[in-house]
Number of protein chains: 2
Amino acid sequence: MLQVSERAHYGLRAMTELAKAYGDGPLTLNKIAEVEHMPAGYLEQLAMPLRRAGLIEGRRGAHGGYQLARDPASVTIGSIMRALEGPVAPVECLTEQYVVGTCEREIGCASQGFWQRMKLVVDQAMDSVTLADLCAPGMNGAFIPLSQITQVSRSPSDDVCAPVGMGEQTI
Amino acid sequence: MLQVSERAHYGLRAMTELAKAYGDGPLTLNKIAEVEHMPAGYLEQLAMPLRRAGLIEGRRGAHGGYQLARDPASVTIGSIMRALEGPVAPVECLTEQYVVGTCEREIGCASQGFWQRMKLVVDQAMDSVTLADLCAPGMNGAFIPLSQITQVSRSPSDDVCAPVGMGEQTI
DNA sequence: CACAATCACTACTCCACAAGTAGGGAATAA
DNA sequence: TTATTCCCTACTTGTGGAGTAGTGATTGTG
């Protein structure tokens, strides 16, 4: 569940490429697509919303390409994800277009608070990491198979649990 | 982005109905579907995985129906969501079926750590709330339009931010 | 200038999957 | 023995994600 789209995944990877090349002049979409093994034509569609969000700048013509509009340390993953996929909105009543009164459960809704918290937590997680963090040397080479992760996270099948705190942040 | 499926939404609402009726004998699917305005035939499909996950018990025949298998306070939202939609896995390398070596970016992947953290944070959020929490009297009648929520969460367009703590848990 | 390179934009196809429908058992109380 | 309800499988349908295609607009270079 909560799988991110290929679109967002491509977009994030493209942005990390641009972050790595920050300060070295523009990078062409073809180059990025080649390095990251993604269809160039599709990547082109992702560049548009990123540019409109003010995250990247395009330059046309020979020796053109894209480059980050800002320092990688000031570009959060959240801003990238929202540019590509819109705001986090697990349920309809948490979208921006939602008009109050549409949902007949609105009064006395038992779960809205939960989804609202979900949105908050996800936004915070995304906004607390920047492109610079992702490209930091220490991040690389640290692939962790799920078997080791589940010791930290909860196993999918054990259910009974009391509310837990956040724990220390390790990123 | 990160919209939950209608399936999960239906399932969660059905579970809250069962939680409210906990101890009062079984509730029929037709009754739940009627109260929550969802197609009964579809709800039937959701009951199966919930039963197999040990969350609810079915009883056939006249005066049959479903009831929670455990106290609502011991049923986390996470267990419900996972039963309906499988484990949280934003990217493929965080699924349980993932075989190490499939992703060619595995060595030196810049973003795996981020998605792993995302999964952790979501799992924790879901596992820190129970059906009893959702059905607590204080929860009801507290609908909050997004316009008020965004003062707490981050606005979609402001990006620069340092890592933030979790803050107090309010659910 | 001509031309190649590259972004910028729109429209279209294709297909997997979510959402919902249909129908036929099997168990159980009255 | 009948109505009721869960249990299970198979099918249909619509939508949106993923990707392709084609046509400008702009810009550096020979």
Side-chain angles (χ1 to χ4, degrees), chain A residues 1-14 17-18 21 25-34 36-69 81 83-86 89-92 95, chain B residues 1-14 17-18 21 25-34 36-69 81 84-86 89-92:
Chain A
M1 76 175 287
L2 287 183
Q3 194 178 355
V4 303
S5 63
E6 203 67 7
R7 173 185 174 91
H9 204 186
Y10 283 166
L12 180 58
R13 280 155 56 197
E17 289 300 320
L18 290 176
L27 224 54
T28 71
L29 288 181
N30 280 326
K31 187 67 182 172
I32 297 172
E34 185 194 348
E36 288 284 346
H37 304 102
M38 48 181 81
Y42 191 46
L43 179 56
E44 212 169 315
Q45 291 185 17
L46 311 187
M48 253 182 293
L50 290 171
R51 185 175 52 81
R52 287 182 180 139
L55 298 175
I56 60 177
E57 291 167 344
R59 203 158 107 208
R60 297 200 248 200
H63 301 106
Y66 284 100
Q67 55 192 3
L68 286 189
M81 300 301 285
L84 290 167
E85 299 230 63
V91 288
E92 203 191 339
T95 60
Chain B
M1 76 174 287
L2 287 182
Q3 195 177 356
V4 303
S5 62
E6 203 68 8
R7 174 186 173 92
H9 205 186
Y10 283 166
L12 180 58
R13 280 155 57 196
E17 289 301 321
L18 290 177
L27 223 54
T28 71
L29 287 182
N30 280 327
K31 187 68 182 172
I32 297 173
E34 185 193 350
E36 288 285 344
H37 305 100
M38 49 181 82
Y42 192 44
L43 179 56
E44 212 169 316
Q45 291 184 18
L46 310 187
M48 250 182 295
L50 290 171
R51 184 175 51 82
R52 288 184 179 139
L55 297 174
I56 60 176
E57 291 166 344
R59 201 155 110 211
R60 297 199 249 201
H63 301 105
Y66 284 99
Q67 56 191 2
L68 287 190
M81 300 301 284
L84 290 168
E85 297 230 65
V91 287
E92 204 193 338

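Quick note on labels: first sequence line is chain A, next is B, and so on, each numbered from 1. All values below were derived from every heavy atom in this structure, side-chain atoms included, with hydrogens, water molecules and symmetry-related copies excluded.
In this structure, the side chains of B/Y10 and B/S5 stay at 4.5 Å or more apart for every pair of heavy atoms. In this structure, the side chains of B/V4 and A/P90 come closer than 4.5 Å at one or more pairs of heavy atoms. Side-chain contact between B/I56 and B/Y66: present, with at least one pair of heavy atoms (C-beta onward) separated by less than 4.5 Å. Side chains of A/L27 and A/Q67 form no contact here, defined as non-hydrogen atoms less than 4.5 Å apart.
Straight-line distance from the CD atom of A/Q3 to the P atom of C/dA16: 15 Å, rounded to whole Å. Spacing between atom NE2 of B/H9 and atom P of C/dA19 amounts to 12 Å, rounded to whole angstrom units. Distance B/L29 CG to C/dT21 P: 15 Å, rounded to the nearest Å. Protein atom CD of A/E6 is 15 Å distant from nucleotide atom C1' of C/dC17, rounded to whole Å. Whole-Å rounding puts the B/E85 CD to C/dC17 P distance at 14 Å. If you measure from atom CG of A/L46 to atom P of C/dA8, you get 13 Å, rounded to the nearest angstrom. Per the geometry, OH belonging to A/Y42 stands 13 Å off C1' belonging to C/dC14, to the nearest Å. Atom CG of A/N30 and atom P of C/dA8 are 14 Å apart (whole Å).
For A/R60 and A/M48, each mapped to the nucleotide of DNA chain C holding its nearest heavy atom, the one lying further toward the 5' end belongs to A/R60. The 5' end of DNA chain D is approached more closely, in terms of each residue's nearest nucleotide, by B/R52 than by the other of B/R52 and A/A62. For the pair A/Q45 and B/G41, both in contact range of DNA chain C, the more 5′-proximal nearest nucleotide belongs to A/Q45.
Side-chain proximity of A/T28 to C/dC9, C/dT21, C/dT6: nearest is C/dT6. The B/H63 side chain lies nearest to C/dA30 when the options are C/dA30, C/dG20, C/dC9. For B/E44, the listed nucleotide lying nearest its side chain is C/dG23; candidates were C/dT6, C/dA5, C/dG23.
The side chain of B/R7 places no N or O atom within less than 4.0 Å of a non-bridging phosphate oxygen (OP1 or OP2) of C/dA19.
For the salt bridge (charged side-chain N to carboxylate O under 4.0 Å, His left out) test, no residue two or more places apart in sequence or in another chain qualifies with B/R51.
Protein chain A contacts DNA chain D over a range whose 5' and 3' limits, counting nucleotides with an atom under 4.0 angstrom from a non-hydrogen atom, are D/dA18 to D/dT29.
Side-chain N or O atoms of A/R59 include none that pairs as donor or acceptor with a backbone N or O of A/P26 at under 3.5 Å. In terms of modelled atom types and a separation under 3.5 Å, the side chain of A/R7 and the main chain of A/L46 share no donor-acceptor contact.
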